[in-house]
Amino acid sequence: MGRLLLRRVHPWEGSRRLFRSALESTTWALCGRIHDAEWEAKLLDLLREASVARRFALADALTNTVISLSRRALAKQRPLESEREILLEWVGLHYGRDLEYELRDFFAQARSG
């Protein structure tokens with residue numbers, strides 16, 4: 001069995017400058033100046049023009065941000081629980097309780113072994 005590592009994901013991790021520059025130069029500049037349909041069309045054009053690497057970096061940054069925000073919200077609901085408990089609860093909510101219980105068993109065995 002391979003070793004499973006849980007790590008804390010922070011917003012903007014890995015592609016901070018790329019994500020910020022894309023948002024600042026396109027999305028935020030467009031907000032409020034054109035209608036929703038025009039904004040959507042312009043954003044889609046920009047995404048189509050972007051390289052695969054840039055699109056992946058944007059998707060990766062957005063994914064990391066959403067994960068971080070959902071974990072932070074869970075931690076606010078459970079302020080007395082440890083970071084490990086928060087992460088395990090998050091896994092249970094998003095990937096199923098079976099995986100959460102398997103991870104709990106794995107960590108319990110690792111502590112006792």
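In this text the structure is predicted, and so the values were computed from the model without any measurement. By convention here, the first residue in the shown sequence is residue 1.
- Salt-bridge check for R97 with E89: passed, with a basic side-chain N closer than 4.0 Å to an acidic carboxylate O.
- The distance from the CG atom of L62 to the CD1 atom of I67 is 10.0 Å, given to the nearest 0.5 Å.
- At a threshold of 4.5 Å between side-chain heavy atoms, the hydrophobic network of Ile, Leu, Val, Met, Phe, Trp and Tyr places F107 and L93 in one connected group.
- Placement of Y101 and F106 in two distinct hydrophobic clusters is found when ILVMFWY residues are connected by side-chain heavy-atom separations under 4.5 Å, directly or transitively.
- Residues that satisfy the ring-ring contact (aromatic ring centres under 6.0 Å, His included) test with Y95, not counting sequence neighbours, are W90.
- In this view, L80 satisfies the side-chain contact (heavy atoms from CB on, under 4.5 Å) rule with no residue, not counting sequence neighbours.
- Under the rule for a side-chain contact (heavy atoms from CB on, under 4.5 Å), the partners of E81 that lie at least two apart in sequence or sit in another chain are R78, E85, I86.
- Taking a cutoff of 4.0 Å between a charged side-chain nitrogen and a carboxylate oxygen, D45 and R48 qualify as a salt bridge.
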Assess whether side chain to side chain contact (heavy atoms under 4.5 Å, CB included) is satisfied between V91 and L87, documenting all intermediate values. CA-CA 6 Å; V91 166; L87 290 173; 5.6 Å; no
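- A salt bridge links E100 with R104: at least one charged nitrogen is closer than 4.0 Å to a carboxylate oxygen.
- For S112, the side-chain contact (heavy atoms from CB on, under 4.5 Å) criterion is met by no residue, not counting sequence neighbours.
- Qualifying salt bridge (Lys or Arg N to Asp or Glu O under 4.0 Å) partners for R111, counting only residues two or more places apart in sequence or in other chains: none.
- With sequence neighbours left out, A50 forms a side-chain contact (heavy atoms from CB on, under 4.5 Å) with R54, R55.
- T63 OG1 to L58 CG: the interatomic distance, rounded to the nearest 0.5 Å, is 10.5 Å.
- For the pair L74 and R71, the minimum side-chain heavy-atom distance is 4.5 Å or more.
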